[in-house]
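So that the names make sense, note that chain A is the first sequence line, chain B the second, and so on, each numbered from 1. For the numbers below, each heavy atom of this structure counts, side chains included, while hydrogens, waters and symmetry mates do not.
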Amino acid sequence: MVHGLGSFFGVNRVAIWRHPGSAWSVPVAPLHAQVRQDGTVSEGPWVISPDVAWVDGGDVLVLDLRPPYRGLPWRLSRSAAAIWECIAEGMTLTQIEDEFAALDDLDVPDQIRSFLDDLAGRGYIALRDPS
Amino acid sequence: MTAQPFALAESSELAHALVARVLRDHGIRALFLKGPVATAQGLLPQRVSSDVDVLCDPSQMRQAEGVFDGLGWLRYHGGNSDMVAIGMHATTFVIPGWPCTVDIHNHFPGLLAPAAEAFAMLWSRRELVTLAHREVPAPSPADHFAVIAVHALRNADGAPPLISQPTLRESWARLEEAHRSQVPHYARSVGALEPLRSVLIDLGGDPGPVDQRFAAELTDWNAVRERPGDSAVLWASRWRRTAWRDRPELVFRAFWDISMDRAQRPEQWALASRRERVSGRIRRSARGIRQLPRAAWALARRARKSE
């Protein structure tokens, strides 16, 4: 099962067996709390939602714990796993982009923003409360 | 990209977090035992765990089973199986798509106090352990040692010396001194002191005065321990704990339910041919009938010795 988060990030939904009646898709929350006026993702930093469990063993596996509890973990590998770790460490967007600056690819910042936007939209991350 | 394999080693902590969340959201009190929980508490070394062990508030066991049924999680021994009714200590669920299983315990063998009493004690001393970056409730380290110890004894050969079991020795060594000193008192409170008496002495602990409560339960425990792996003794002790109205189901499960036969796993039995299942049932029934007198004698002998 492959979801369209881009091959650059190596994001896969782990799928062995789909039980009849189970839902693959994760509810998508509104993005407005996470985005700037110009439509791009906020500068951050973010916190990982308490509705998400995750383990890091090279790849990162992310599990949505919300009802209906039928989701299977998402596998984040390579760059996606690295960005997730950056988020967990409390980095801002600029800091995350700096982490990938060595790649010297004009598309990378856009892909990072797109990935963060997707995570925020799924409710997996939220802006850290400044207080 | 293709779908990635979902390894057992990756699944365990996530499954703990998922089960904890489901139970919490439904207001069900439960403690997570053994496996990665014990590892996180420093009681056991890191190793791959194939299941999630949960001790549920016995008064909420039916509710928990119903919640899991409602989520489409599958009872390992079949949709109609009722492990609680026949005195089994746990109901095993398979979460579709997950490589690990979930064992939800209504009591824990070796904790001889009434299940509700033992759970209340463990719950009152619980702590939160972080797995997969989420908190799950677990017994206190001293309580957890007692749980691990009775579990190790139940599955061990009955021959002494008990101290030779590396699991127990290592777990004891990993306990902080303050927690070690709590073990006898805590074990007494859940009825595990007598099962663990010789172990505690071997480990250098002081179990204190004999706990004379739970004599009948201790008789069953010792009978099972004397004959490790003897399923007839296990079934006979379940018979003693099962209400008359549930005994027909127990007889059915003991002699006829092929999914409980250890020659194959339940899912293998489900795929077996009709002929294989019938011959397996006949073998199981014949074995059960053959072993029954010996099991009854073993329990009776144990009872006489403990009087």
Taking all atoms of both residues into account, what is the closest heavy-atom pair of [X] and [Y], and its distance?
X: L14(B); Y: P73(A); result: CD1-CG, 3.9 Å
X: L71(B); Y: R70(A); result: O-NE, 3.3 Å
X: R134(B); Y: P50(A); result: NE-O, 3.2 Å
X: P96(B); Y: L72(A); result: O-CD2, 4.0 Å

> If you round to the nearest 0.5 Å, how far is NE2 of H133(B) from CG of D56(A)?
Replying inline: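 Going from CG on D56(A) over to NE2 on H133(B), the span is 7.5 Å.
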>> Over 60° means perpendicular and under 30° means parallel, so tell me whether H26(B) and Y69(A) are parallel, tilted or perpendicular.
In response: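 Answer is tilted, since the angle falls between 30° and 60°.
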>> Heavy-atom count check: over 12 atoms from other residues, nucleotides or ligands less than 6.0 Å from E176(B) CD?
In response: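 Atom CD in E176(B) is not crowded, with 12 or fewer foreign heavy atoms closer than 6.0 Å.
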> How would you list, by chain and number, every residue that makes a side-chain contact (heavy atoms from CB on, under 4.5 Å) with S124(B), sequence neighbours excluded?
Replying inline: none
>> Pair R21(B), D51(A) - check salt bridge (charged side-chain N to carboxylate O under 4.0 Å, His left out), show working.
In response: CA-CA 9 Å; R21(B) 176 62 181 263; D51(A) 291 327; 2.9 Å; yes
>> Please identify, among V55(A), V52(A), L65(A), the residue contributing the most non-hydrogen atom pairs under 4.5 Å to chain B.
In response: L65(A)
